[in-house]
Amino acid sequence: MGDDRRSTTRLALATCAALPNGDRDDARLPEVVDGRWQVWDDPTAEWGEFELVLVRSTWDYAPRREAFLAWARSVRHIVNPPPVLEWNTDKRYLG
């Protein structure tokens, strides 16, 4: 009998282009959670191939916050709820 398991990676760990392998603190995370790093704004990313998407080190969102939030809303199986990301990325209080 053949193996019926999907060949997809279970979890995408969303990151930024400056940290394509994630933050140093999360170096072992992909092996622990059966995941791989994926740059959030990579136009070639196939977000539908993942069972779940977890926002981790997307540190470049600030100057493009609206694009980041639009991306988050477009990802079907995102773990971090878009309303929480919207609240958390609003840094007006720093002004």
Side-chain angles (χ1 to χ4, degrees):
M1 293 186 100
D3 188 347
D4 290 338
R5 290 182 295 172
R6 295 190 309 173
S7 62
T8 60
T9 302
R10 175 165 156 47
L11 179 67
L13 302 162
T15 189
C16 62
L19 297 168
N21 296 311
D23 197 308
R24 182 177 53 171
D25 293 341
D26 292 335
R28 294 195 56 228
L29 191 56
E31 65 191 72
V32 173
V33 297
D34 183 25
R36 75 175 169 136
W37 295 107
Q38 181 63 59
V39 175
W40 74 270
D41 61 347
D42 178 350
T44 66
E46 294 287 339
W47 296 103
E49 75 181 45
F50 300 103
E51 292 178 31
L52 294 170
V53 176
L54 178 64
V55 174
R56 292 300 304 160
S57 47
T58 56
W59 303 123
D60 63 349
Y61 74 83
R64 298 177 299 140
R65 180 176 178 253
E66 291 308 316
F68 174 73
L69 293 173
W71 164 80
R73 288 188 290 269
S74 75
V75 176
R76 184 172 181 194
H77 299 292
I78 196 162
V79 175
N80 315 71
V84 173
L85 290 172
E86 185 171 344
W87 170 79
N88 192 46
T89 60
D90 182 357
K91 305 299 184 187
R92 286 181 287 174
Y93 68 90
L94 293 174

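We count residues from 1, following the sequence as given. We use all heavy atoms of the structure for the numbers below, so side chains are in, but hydrogens, waters and symmetry mates are not.
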Could you see if Val79 belongs to whatever hydrophobic cluster contains Val33? Use Ile, Leu, Val, Met, Phe, Trp, Tyr and a side-chain cutoff under 4.5 Å. yes

Rounded to the nearest 0.5 Å, what separation is found between the CD atom of Glu49 and the CZ atom of Arg36? 4.5 Å

Counterpart residues, side chain to side chain contact (heavy atoms under 4.5 Å, CB included), relative to Asp41 (two or more places apart): Val39, Asp60, Arg64

Per the salt bridge (Lys or Arg N to Asp or Glu O under 4.0 Å) rule, what does the pair list look like for residues 78-90, sequence neighbours excluded? Asp90-Arg92

Could you tell me which non-hydrogen atom of Thr15 sits nearest to which non-hydrogen atom of Gly22, and how far apart they are? OG1-CA, 3.8 Å

Is it true that a side-chain atom of Arg65 and a backbone atom of Thr89 form a donor plus acceptor pair closer than 3.5 Å? yes

Within residues 11-33 or reaching into it, pairs that qualify as ring-ring contact (aromatic ring centres under 6.0 Å, His included) - sequence neighbours excluded: none

Would you give the length of the straight line joining atom OG1 of Thr58 to atom CG of Asn80, rounded to the nearest 0.5 angstrom? 8.5 Å

Which residue pairs pass the salt bridge (Lys or Arg N to Asp or Glu O under 4.0 Å) test when at least one of the two sits in residues 17-27, sequence neighbours left out? Asp26-Arg56

If we only count heavy atoms from C-beta on, is the Pro20 to Trp37 side-chain gap below 4.5 Å? no

Return the minimal non-hydrogen interatomic distance between Phe50 and His77, and the atom names on each side. O-CD2, 4.2 Å

hydrophobic_cluster_shared for Leu19 and Val55, side chain cutoff 4.5 Å: no

Within one Ile-Leu-Val-Met-Phe-Trp-Tyr cluster: Trp59 and Leu54, side-chain cutoff 4.5 Å: no

Are side-chain heavy atoms of Leu52 and Arg10 found at a separation under 4.5 Å? yes

Only counting residues at least two apart or in another chain, list the ones meeting ring pair (Phe, Tyr, Trp, His ring centres under 6.0 Å) with Phe68. Trp40, Tyr61, Trp71

Which pair of heavy atoms, one from Leu11 and one from Val53, lies closest together, and at what distance? CD1-N, 4.2 Å

What pairs with Pro63 under side chain to side chain contact (heavy atoms under 4.5 Å, CB included), at least two apart in sequence or on another chain? none

More than 12 heavy atoms of other groups within 6.0 Å of Glu31 CD: yes

